Amino acid sequence: MPAKCIMIQGTMSNSGKTFVTAGLCRVFAQDGYKVAPFKSQNMALNSYITEEGLEIGRAQAMQAEAAGIKPTVFMNPILLKPTTAMGSQVIVNGEVYGNLSAQDYFKRKSKLVPDIMKAYRTLEEEYDIIVIEGAGSPAEINLKSEDIVNMGLAKMVNAPVLLVADIDRGGVFASLYGTIELLEEEEKERIKGMIINKFRGDKKILEPGLTMIEDLTKKPVVGVIPMEEIVLDDEDSLSSQLYRKQQLEGKDVAIIRFPHISNFTDFLALDFYDSISVRYVERKEELKNPDYIVLPGTKNTMADLKWLKETGLEGAILRKKGKAHIFGICGGFQMLGKRLDDKNHVEYGGTMRGMGLLDFETIFLEGKTRTQIKGKLACGSVLFQEDRKEEQEQELHGYEIHMGKTNYEDGAKPFSILEDDRMDGCISEDGMVAGTYLHGIFDNEMFAKAYFQLEEKEEEQSFEQFKNSQYDKLADLIRASIDMEEVYRILEI
């Protein structure tokens, strides 16, 4: 029997669609159903590589994890990774389709409907329930004619819709009413309930407004979700994680917030450790005197390196050489080398001087490396203290997503050796500068604890256990805040 489905749409971006979708996936899984997330088109720079080496949005991987299943490409058949203000790299079925301007993609996206429906039908045959996430708002009237992610998709799969609005940013009733009023009658009929997210305060004060919005829209409010601190992967540049500026107690880790920052979910694991303080830096004045400087992944390495030079941050980082540990991941790692070559115009075009902190150069090629992979740390003797010898050749796991090929100079010290015998990354003679292509490097607990020189007492709970506790906390919040009996009635289960 084909799966039942329910769709979570929002009145705006960052209203809580991803959050509610993940929560429902966890609740349904706890209730004994086989459940999968689905998002036909995602726009995000945070991506994930499946076991098959295919690229999807990180949010769908997180939702799959909440559902207790492995992420697959069928959960996100189209991923848009912005490269400029007017264009994106388009990923279809996990592989690069091409770099398209917004206008070109708008003209072509209807041709991708068969790919969307094939992915959805595949999930439909395997699962009991599919929780579908929309994108942005269904009331973006300039885009409705070619909609494949909100009401257009809801019609294709005959999905009932719950509409989520964020009360924390204000105007929640106007956003709910305005969104519904801009829909066509058939679309209005699909909305079976409204959810107010990120509520603070006394619900009794809110109740008159709930009654009025129900009268105005003729739709029930099926839930009011209070603001709660739950640690989940965030998917885009609106994430509150990227706005942390304040240095707190503990090891001061300054992460450079590139304009095209990608896969900042690499740093979610650092929130697990009480003795690490993570902040994001955009200006040279904000760098100050950190213990660690991290250059994260980026969708446009050379453009962001140019930004680093123009803002003076490159000079500020170079002045910290030998004083702070400097670590690069993927594009951030590529910047640490001597030269970047993009004569083929894969990303930015031309050539550029790197930061010169490590002995390699990177050439950008059309082919994209996408793989989940394991390896062994090769630099433990340089990186770790004498009393941590047992960790010097520890196993690592992570995933690669990059366009460049790195050529190491003779004598360059590898960061790790991968299971396919490739050299990954590089490290300086004194161990103060290092880099890797492995996303998720800090998910390796033994490495993270040794690199950040953390106390052994922080072993009471593993990171995996911590993540599962957060999904359970989210499920408890959903059950306490949303009328699940009504949700199951909408699902006709």
Side-chain angles (χ1 to χ4, degrees), residues 14 16 18-19 22-23 26 44-48 57-59 61-66 168 198 226-258 261-282 286 288 290-297 324-325 327-330 332 396-399 436 438-477:
N14 208 36
T18 301
F19 183 81
R26 191 65 164 194
L45 286 176
N46 283 346
S47 60
Y48 177 85
R58 180 79 188 191
M62 178 272 289
Q63 292 160 351
E65 193 171 64
D168 193 50
K198 304 180 189 176
M227 183 72 82
E228 186 80 27
E229 187 65 36
I230 297 176
V231 180
L232 300 176
D233 282 356
D234 285 321
E235 79 167 339
D236 59 28
S237 58
L238 294 176
S239 168
S240 59
Q241 179 181 340
L242 293 174
Y243 292 91
R244 296 182 192 170
K245 299 286 187 181
Q246 187 177 0
Q247 179 183 344
L248 304 175
E249 292 184 7
K251 310 264 186 189
D252 181 19
V253 180
I255 300 172
I256 306 303
R257 184 181 172 181
F258 296 127
I261 187 172
S262 68
N263 287 74
F264 55 82
T265 48
D266 284 340
F267 312 115
L268 179 70
L270 302 188
D271 288 340
F272 175 57
Y273 304 106
D274 293 335
S275 56
I276 292 179
S277 171
V278 172
R279 59 190 175 92
Y280 285 81
V281 171
E282 293 179 274
E286 296 171 347
K288 300 179 182 176
D291 300 301
Y292 295 83
I293 300 170
V294 182
L295 282 68
H325 291 271
F327 195 90
I329 301 175
C330 198
L396 300 173
H397 62 83
Y399 58 98
T436 177
L438 295 184
H439 290 289
I441 184 64
F442 298 130
D443 291 4
N444 294 273
E445 289 179 54
M446 189 180 291
F447 170 75
K449 288 177 181 178
Y451 181 65
F452 292 106
Q453 302 171 35
L454 304 180
E455 297 296 327
E456 290 302 317
K457 65 181 181 181
E458 300 198 56
E459 288 185 349
E460 295 177 6
Q461 186 185 41
S462 72
F463 182 53
E464 284 301 314
Q465 290 171 328
F466 171 72
K467 286 198 291 183
N468 270 306
S469 73
Q470 296 301 296
Y471 293 136
D472 287 338
K473 184 178 178 181
L474 175 57
D476 291 344
L477 180 67

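One is the number of the first residue; the rest follow in order along the sequence. Remember, it's a predicted structure, so these values are computed and weren't measured experimentally.
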Separation between [atom1] of [X] and [atom2] of [Y], rounded to the nearest 0.5 Å:
| X | Y | atom1 | atom2 | value |
| --- | --- | --- | --- | --- |
| Ser277 | Lys251 | OG | NZ | 12.5 Å |
| Glu228 | Lys473 | CD | NZ | 5.0 Å |
| Asp271 | Ile276 | CG | CD1 | 9.0 Å |
| Glu282 | Arg257 | CD | CZ | 4.5 Å |
| Thr436 | Phe327 | OG1 | CZ | 6.0 Å |
| Asn263 | Asn46 | CG | CG | 5.0 Å |

Fill in: Derivation of the side-chain contact (heavy atoms from CB on, under 4.5 Å) call for Asp252 and Lys288
CA-CA 10 Å; Asp252 181 19; Lys288 300 179 182 176; 5.7 Å; no
Could you tell me if Tyr471 and Asp476 have a donor-acceptor pair between their side chains, going purely by distance under 3.5 Å?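 Absent: no donor and acceptor within the cut-off.
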[X] to [Y] - nearest heavy-atom pair and separation:
| X | Y | answer |
| --- | --- | --- |
| Arg26 | Glu65 | NH1-O, 3.8 Å |
| Gly297 | Cys330 | CA-CB, 4.4 Å |
| Tyr399 | Tyr48 | CE1-CA, 4.0 Å |
| Leu268 | Leu232 | CD1-O, 3.9 Å |
| Ala269 | Asp443 | CB-OD1, 3.5 Å |
| Ala448 | Phe442 | CB-O, 3.7 Å |

### Message
Checking the side chain of Asn444 only, and the main-chain atoms of His397 only, is there a donor and an acceptor separated by less than 3.5 Å?
### Response
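Yes; judged by distance alone, with no hydrogens or angles, the pair exists.
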For Ala450, is there any backbone N or O sitting under 3.5 Å from a side-chain donor or acceptor partner on Gln453? no
Discussion item. Would you say the rings of Phe264 and Tyr280 are close, in the sense that their centroids are separated by under 6.0 Å?
Written reply: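 When the ring centroids of Tyr280 and Phe264 are compared, they turn out to be at least 6.0 Å apart.
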- Message: Can you confirm if the aromatic rings of Phe452 and Tyr292 lie within a centre distance of less than 6.0 Å?
- Response: yes
Indicate yes or no: at least one non-hydrogen side-chain atom of [X] is less than 4.5 angstrom from one of [Y].
| X | Y | answer |
| --- | --- | --- |
| Arg279 | Val281 | yes |
| Leu477 | Ile230 | yes |
| Lys467 | Phe272 | no |

>> Between Val253 and Val294, is the side-chain contact (heavy atoms from CB on, under 4.5 Å) condition met? List the steps.
In response: CA-CA 7 Å; Val253 180; Val294 182; 3.9 Å; yes
Would Phe447 and Ile441 satisfy side-chain contact (heavy atoms from CB on, under 4.5 Å), going step by step from the backbone distance to the final call?
CA-CA 8 Å; Phe447 170 75; Ile441 184 64; 3.6 Å; yes
Result for side chain to side chain contact (heavy atoms under 4.5 Å, CB included) between Pro296 and one of Ile329, Asp266, Ile255 points to Ile255
Original post:
Phe19 and Lys198: side-chain contact (heavy atoms from CB on, under 4.5 Å), yes or no, with the steps?
Top reply: CA-CA 11 Å; Phe19 183 81; Lys198 304 180 189 176; over 6 Å; no
